[in-house]
Protein chains: 2
Amino acid sequence: MDNVDRRIIAALRTNGRVTYADLGRQVGLSASAVHERVGKLETAGVITGYHAVVDPTLVGLGVTALVSIHPTDTADDEDVAAELAELPEVESCYRVAGDEAFVVKVRVATVDALELSLGRLRRIKGVARTRSTVVLSTRFEGRPNVSDVDEPADGNAG
Amino acid sequence: MDNVDRRIIAALRTNGRVTYADLGRQVGLSASAVHERVGKLETAGVITGYHAVVDPTLVGLGVTALVSIHPTDTADDEDVAAELAELPEVESCYRVAGDEAFVVKVRVATVDALELSLGRLRRIKGVARTRSTVVLSTRFEGRPNVSDVDEPADGNAG
DNA sequence: ACTGAAAGTCTATGTCT
DNA sequence: AGACATAGACTTTCAGT
């Protein structure tokens with residue numbers, strides 16, 4: 001993982017559909033060299049995928065909520081996580097430190113759908129109670145944190 | 001927005017680097033037709049971008065925290081949001097209903113860096129206090145919610 | 001809105017340095 | 001690890017329906 005890799009990653013986080021040829025121009029390598037590096041980054045699990053991002057309101061998912069999930073005394077984390085994964089409206093799922101077991105992000109069409117979803121969440125074995133925070137607006141989301149990538153490539157491959 | 005569009009979106013959410021030729025095969029259209037549809041979805045703002053997703057631990061960002069930001073009585077939401085946007089470690093920022101003004105997701109390298117980041121957050125004008133929840137593990141994140149897309153295309157363009 | 005064709009570009013692989 | 005060559009695939013545009 002040298003600076004060239006970091007710049008490739010930054011470029012792909014910014015534009016996941018950039019061509020290898022373009023990437024090569026950006027980092028000063030041939031397309032085939034970039035192709036090889038990206039392949040290795042994918043194989044190594046550094047790059048886990050490429051995804052289109054969609055405006056949720058324009059696809060009928062205008063209601064977002066952050067839901068804290070408090071476990072029962074006898075709850076099994078893995079079982080709870082597995083059941084959360086079954087619910088398509090649960091977009092993200094974090095196991096957290098503190099009173100709650102999980103914090104999940106739920107995305108649904110309407111507040112009615114949110115109510116139904118919360119009902120499903122509460123019915124999961126191991127869930128004692130939930131606490132919902134409705135998102136009024138998403139200022140930004142999933143921004144790439146590309147701190148130290150602006151430097152020129154150093155050429156010293158790792 | 002017909003079923004074909006929804007299937008195209010679902011495919012691009014799953015694999016943002018899929019080719020138009022492939023997409024065409026998946027939805028039963030020519031590559032040029034798909035190209036045109038995707039262009040329209042982008043122009044309409046339905047598809048807002050394409051991004052590579054990276055394993056945070058493998059790029060030196062192993063510590064994630066969800067931070068509730070409680071405002072002062074005189075806080076200006078927009079100013080606070082603008083200042084949050086300046087901090088690269090703040091990956092997502094939600095304006096929420098309830099006691100807190102914002103919930104943000106912070107991604108940093110170490111707990112020391114988290115402490116520094118929380119200091120920066122608290123120093124923002126309009127921030128009264130913060131409440132941090134450290135993420136122990138991310139079970140899944142940003143999953144596509146593609147509910148009603150498995151049906152065959154109906155061919156009735158909107 | 002879609003198809004099909006055509007020109008240019010890119011990918012993916014192999015060889016060589 | 002990367003450059004270069006290349007065959008096949010893909011993109012992008014345009015005329016036609």
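By convention in this document, chain letters (A, B, ...) are assigned in the order of the sequence lines, proteins followed by strands, and residues within each chain are numbered from 1.
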Expressed in angstrom and rounded to an integer, what is the separation of [X] atom [atom1] from [N] atom [atom2]?
X       : N      : atom1 : atom2 : value
B:Asp22 : C:dT11 : CG    : P     : 14 Å
B:Tyr50 : D:dT11 : OH    : P     : 11 Å
B:Leu23 : C:dT3  : CG    : P     : 14 Å
A:Arg37 : C:dT11 : CZ    : C1'   : 19 Å

Are there any protein N/O atoms within less than 3.5 Å of an N/O atom in nucleotides 12-17 of chain D, and if so, which ones and at what distance?
| from | atom 1 | to | atom 2 | distance (Å) |
| --- | --- | --- | --- | --- |
| D:dT12 | OP2 | B:His35 | NE2 | 3.2 |

Would you check if the side chain of [X] reaches a backbone N or O of [Y] as a donor-acceptor pair within less than 3.5 Å?
X        : Y        : result
A:Arg95  : B:Arg139 : no
B:Arg143 : A:Ala85  : yes
A:His51  : B:Gly16  : no
B:Thr14  : B:Ala10  : yes
B:Thr48  : A:Val53  : yes

Are the side chains of A:Leu121 and A:Val90 in contact, using a 4.5 Å heavy-atom criterion?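 Contact flag for A:Val90/A:Leu121 side chains = yes.
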
Note, B:Arg6 side chain near B:Asn3 side chain (heavy atom, < 4.5 Å):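 Yes, close enough: below the 4.5 Å cut-off.
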
Are any of A:Arg25's side-chain N or O atoms less than 4.0 Å away from OP1 or OP2 of C:dC10?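 So the side-chain polar atoms of A:Arg25 do come within 4.0 Å of the phosphate oxygens OP1 or OP2 of C:dC10, strictly under.
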
Return the nearest nucleotide to the side chain of [X]; candidates are [options].
X       : options              : value
A:Leu29 : D:dA3, D:dT11, D:dA1 : D:dA3
B:Ala33 : C:dT3, D:dC10, C:dA1 : C:dT3
A:Ala21 : D:dA1, C:dT11, C:dT3 : C:dT11

Decide whether B:Glu42 and B:Tyr50 meet the rule of one side-chain donor and one side-chain acceptor closer than 3.5 Å.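 Judged by distance alone, the side chains do pair up.
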
Need the bend value for the helix from C:dA1-D:dT17 to C:dT17-D:dA1: angle between end axes, 5 pairs each end, nearest 10°.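 For the helix from C:dA1-D:dT17 to C:dT17-D:dA1, the axes at either end differ by 30°.
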
Donor-acceptor contacts, no H, no angles, side chain residues 58-75 of chain A, under 3.5 Å, sequence neighbours left out:
| from | atom 1 | to | atom 2 | distance (Å) |
| --- | --- | --- | --- | --- |
| A:Thr64 | OG1 | A:Arg107 | NH1 | 2.9 |
| A:Thr72 | OG1 | A:Ala75 | N | 3.3 |

Heavy atoms under 4.0 Å, any strand shown: does B:Ser30 hit a base, just sugar-phosphate, or nothing?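 Base, at least one base heavy atom under 4.0 Å.
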
